[in-house]
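Okay, structure first, notes after.
Residues take their numbers from the sequence shown, with the count starting at 1. Reckoned from all heavy atoms, side chains included, excluding hydrogens, waters and symmetry mates.
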Amino acid sequence: MAATDLERFSNAEPEPRSLSLGGHVGFDSLPDQLVSRSVTQGFSFNILCVGETGIGKSTLMNTLFNTTFETEEASHHEECVRLRPQTYDLQESNVQLKLTIVDAVGFGDQINKDESYRPIVDYIDAQFENYLQEELKIRRSLFDYHDTRIHVCLYFITPTGHSLKSLDLVTMKKLDSKVNIIPIIAKADTISKSELHKFKIKIMGELVSNGVQIYQFPTDDEAVAEINAVMNAHLPFAVVGSTEEVKVGNKLVRARQYPWGVVQVENENHCDFVKLREMLIRVNMEDLREQTHSRHYELYRRCKLEEMGFQDSDGDSQPFSLQETYEAKRKEFLSELQRKEEEMRQMFVNKVKETELELKEKERELHEKFEHLKRVHQEEKRKVEEKRRELEEETNTFNRRKAAVEALQSQALHATSQQPLRKDKDKKN
Ligand code: GTP
Ligand code: MG
């Protein structure tokens with residue numbers, strides 16, 4: 001069917017009509033079915049804690065979830081920032097929560113902090129990539145997939161009372177398009193009330209002027225719009241963490257005890273811990289999960305698919321066709337492959353030619369060497385022959401002389417043997 005026919009066909013679709021029901025049908029139980037299904041499936045929630053070593057990350061996590069997560073202290077001598085995820089199964093009533101706490105170990109401890117944000121960004125991207133790979137599989141199992149995408153980044157600000165460090169601004173700027181950031185002022189018991197007020201205003205001003213987008217509690221849901229709007233104005237929350245229990249009046253409360261008094265973690269006059277717990281866990285946990293999927297993951301997915309050559313419409317605003325894009329990519333890939341093959345073939349031919357030339361040169365050199373040796377050999381042979389002839393002549397001369405000498409000797413001998421006989425004859429005569 002041609003595209004225009006398709007358009008006409010879809011344009012001709014009739015408007016749905018509203019009808020009233022004669023009695024109870026039952027699909028009003030859909031929300032309950034959804035709740036029941038979600039409860040059976042369980043939930044996952046992943047928190048990333050970014051803040052310098054010893055700022056109180058682990059203590060706050062323990063305080064927030066009213067438990068003790070096994071964590072070890074980080075050293076101040078890490079060569080680079082390292083992400084350490086730890087997953088726990090928690091249960092409250094009949095709700096199961098798979099909680100992952102990711103610690104950015106060694107953050108802010110390096111002398112050169114230029115690249116401190118990179119391992120964090122890479123970790124967040126890697127979780128998006130894992131999810132995307134699962135989505136792109138032919139046989140997907142998203143239902144029981146352990147979603148490790150970071151739902152919230154608690155950014156721990158040091159309570160200096162001055163301003164944000166440039167490391168904080170750079171890191172938050174790099175993370176704000178990838179994760180919901182909730183900035184918190186850690187160890188808020190170390191800063192006075194009036195200083196804290198000014199510090200909060202300063203921080204928010206700096207975040208705005210540097211274009212850092214932090215997570216805003218949503219105000220589009222009527223049920224929570226009011227409380228969320230109020231809480232947005234309290235950001236960044238100034239928190240105190242402690243798992244220690246101190247007796248105040250006749251109640252045991254979580255607090256930090258000092259010689260001059262007690263800082264109660266859950267006392268709203270002392271710090272914003274309750275506000276943070278309310279907003280993070282009790283009111284907006286689902287929104288944080290939702291925002292992660294629909295905003296941050298969507299952005300990652302879009303960029304990644306565009307990078308791979310997919311797009312919703314081509315230049316002429318034609319609707320996107322997965323098949324066409326696939327075909328185009330395939331053609332591009334095949335022609336690239338062909339080009340590479342041709343390049344390699346050419347390289348091979350050149351190499352063979354080069355080797356052939358080298359071999360020929362070697363052969364010529366060998367031949368020359370052989371000819372030279374042959375000439376030398378012939379010369380040697382000629383000299384030896386000459387020498388042999390000379391020696392032969394010498395031997396002949398010697399033999400001749402020897403024979404002559406021998407003849408003379410025998411003559412002389414003969415002559416001497418004749419002399420006494422003659423003397424005897426002479427005597428007889
Ligand atoms: P690493 O994991 O080693 O980076 O440290 P961390 O950020 O997890 O800090 P941790 O929770 O281990 O706390 C470090 C120290 O700070 C401990 O002595 C805590 O008791 C103390 N601490 C934690 N929270 C607070 C707080 O709100 N106020 C004050 N004054 N001290 C705190
Ligand atoms: Mg810790």
Exercise for review: Take E386 and R382 through the salt bridge (Lys or Arg N to Asp or Glu O under 4.0 Å) test and state the conclusion after the steps.
Suggested key: CA-CA 6 Å; E386 210 166 88; R382 192 188 56 73; 3.3 Å; yes
Check your understanding: Above 12 or not: heavy atoms from other molecules or residues under 6.0 Å from CD of E363?
Key -> no
**Study point:** Heavy-atom side-chain proximity of R140 to K137 below 4.5 angstrom
**Key:** yes
Study note, to complete from the structure: Separation between CE (M285) and CG (L97), nearest 0.5 Å, reads 5.0 Å
Review point. Got more than 12 heavy atoms from elsewhere within 6.0 Å of CD, E92?
Key: no
Study note, to complete from the structure: Heavy-atom closest pair (T171 atom, L167 atom, distance to 0.1 Å) is OG1-O, 2.6 Å
Review point. More than 12 heavy atoms of other residues, nucleotides or ligands under 6.0 Å from OH of Y88: is that the case?
Key: yes
**Study point:** Candidate pair L60 and I184, rule side chain to side chain contact (heavy atoms under 4.5 Å, CB included), full reasoning
**Key:** CA-CA 11 Å; L60 189 75; I184 52 182; 3.6 Å; yes
**Study point:** Cationic N near anionic O, under 4.0 Å, E298 to R301
**Key:** yes
Check your understanding: Is K173 close to D176 at the side-chain level, that is, under 4.5 Å between some pair of heavy atoms?
Key -> yes
Study note, to complete from the structure: Between V81 and S116 the two heavy atoms that sit nearest each other are CG2-O, 3.7 Å
**Study point:** Spacing of D168 atom CG and T160 atom OG1 [to the nearest 0.5 Å]
**Key:** 8.5 Å
Point to revise | Between T53 and D109, a side-chain donor and acceptor under 3.5 Å | key: yes
Review point. Could you give the distance from CG (L175) to CD1 (I214), rounded to the nearest 0.5 Å?
Key: 13.0 Å
Review point. So, do F156 and K187 sit near enough that their side-chain heavy atoms are less than 4.5 Å apart?
Key: no
Check your understanding: Once the angle between the rings of F217 and Y215 is folded into 0 to 90°, is it parallel (under 30°), tilted (30 to 60°) or perpendicular (over 60°)?
Key -> perpendicular
Review point. Where the side chain of N46 meets the backbone of D147, is there a donor-acceptor pair that is under 3.5 Å apart?
Key: yes
Check your understanding: Between the side chains of N180 and H296, is a donor N or O closer than 3.5 angstrom to an acceptor N or O?
Key -> yes
Check your understanding: Which pair of heavy atoms, one from E266 and one from R254, lies closest together, and at what distance?
Key -> OE2-NH2, 2.9 Å
Review point. Is the closest basic N to carboxylate O distance between K362 and E365 below 4.0 Å?
Key: no
Check your understanding: Do you know which two heavy atoms are closest between S242 and T63, and how far apart they sit?
Key -> N-OG1, 3.2 Å
Point to revise | Within 6.0 angstrom of H146 NE2, more than 12 heavy atoms from elsewhere | key: yes
Practice item. Applying side chain to side chain contact (heavy atoms under 4.5 Å, CB included), run through L99 and I47 and close with a yes or a no. Key: CA-CA 8 Å; L99 177 73; I47 305 177; 4.1 Å; yes
**Study point:** N130 side chain near Y145 side chain, heavy-atom distance below 4.5 Å
**Key:** yes
Exercise for review: Verify the distance criterion only: is there a donor paired with an acceptor across the side chains of E129 and Q133 at less than 3.5 Å?
Suggested key: yes
Exercise for review: Show your working on salt bridge (Lys or Arg N to Asp or Glu O under 4.0 Å) between E342 and R345 and close with a plain yes or no.
Suggested key: CA-CA 5 Å; E342 179 58 27; R345 203 184 59 77; 3.2 Å; yes
Review point. How are the rings of F69 and F65 set relative to one another: parallel (under 30°), tilted (30 to 60°) or perpendicular (over 60°)?
Key: perpendicular
Review point. If we only count heavy atoms from C-beta on, is the K98 to T87 side-chain gap below 4.5 Å?
Key: yes
Review point. Does atom CD of E392 have more than 12 heavy-atom neighbours, drawn from other residues, nucleotides or ligands, at distances under 6.0 Å?
Key: yes
Point to revise | Y117 six-ring face occupied by K174 cation (under 6.0 Å, within 45°) | key: yes
Exercise for review: Give, for atom CZ of F370 and atom CG of L366, the distance between the pair rounded to the nearest 0.5 Å.
Suggested key: 10.5 Å
Practice item. Taking S93 for its side chain and V95 for its backbone only, find out whether a donor-acceptor pair lies under 3.5 Å. Key: no
Review point. Hey, what do you get for CD (E115) to CD1 (I120), rounding to the nearest 0.5 Å?
Key: 11.5 Å
Review point. Heavy atoms, side chains only, cut-off 4.5 Å: are L207 and L169 in contact?
Key: yes
Point to revise | Separation between CG of N399 and NZ of K402, rounded to the nearest 0.5 Å | key: 6.5 Å
Exercise for review: List the atom of S163, the atom of K202, and the distance in Å for their closest heavy-atom pair.
Suggested key: CB-CE, 4.1 Å
Check your understanding: Under the side chain to side chain contact (heavy atoms under 4.5 Å, CB included) criterion, do F128 and K304 qualify, and how do the steps go?
Key -> CA-CA 10 Å; F128 285 149; K304 199 77 196 187; over 6 Å; no
Check your understanding: Just by distance, do the side chain of E195 and the backbone of G161 share a donor-acceptor pair under 3.5 Å?
Key -> no
Point to revise | Y258 atom OH, over 12 foreign heavy atoms within 6.0 Å | key: yes
Exercise for review: Ignoring hydrogens and angles, tell me if any N or O in the side chain of H151 forms a donor-acceptor pair with the backbone of L288 under 3.5 Å.
Suggested key: no
Review point. Taking atom CZ of R364 as the centre, does the number of heavy atoms from other residues, nucleotides or ligands within less than 6.0 Å exceed 12?
Key: yes
Practice item. Indicate yes or no: does R339 engage E336 in a salt bridge with an N to O separation below 4.0 Å. Key: yes
Check your understanding: So with a 6.0 Å cut-off around CD of E226, is the heavy-atom count from everything else above 12?
Key -> no
Check your understanding: Taking D221 for the side chain and A223 for the main chain, is one N or O donor matched with an acceptor at less than 3.5 Å?
Key -> yes
Check your understanding: With a 4.0 Å cut-off, would you call E385 and R388 a salt bridge?
Key -> yes
Exercise for review: Show your working on side chain to side chain contact (heavy atoms under 4.5 Å, CB included) between L280 and L64 and close with a plain yes or no.
Suggested key: CA-CA 9 Å; L280 177 70; L64 268 176; 3.8 Å; yes
Review point. Is there a donor-acceptor pair closer than 3.5 Å between any side-chain N or O of T355 and the backbone N or O of K351?
Key: yes
Exercise for review: Could you tell me whether a side-chain N or O of N228 sits under 3.5 Å from a main-chain N or O of P218, the two making a donor and an acceptor?
Suggested key: yes
Exercise for review: Would you indicate whether the side-chain heavy atoms of E379 and V376 approach each other to under 4.5 Å?
Suggested key: no
Practice item. Using the six-membered ring wherever Trp is involved, compare the ring planes of Y131 and Y297 and label them parallel, tilted or perpendicular (cut-offs 30° and 60°). Key: perpendicular
Review point. Is there side-chain contact between D272 and K200, with at least one heavy-atom pair below 4.5 Å?
Key: yes
Check your understanding: K57 side chain to G51 main-chain N or O, any donor-acceptor pair under 3.5 Å?
Key -> yes
Point to revise | Minimal non-hydrogen separation, K275 against E268, with atom names | key: NZ-OE1, 3.1 Å
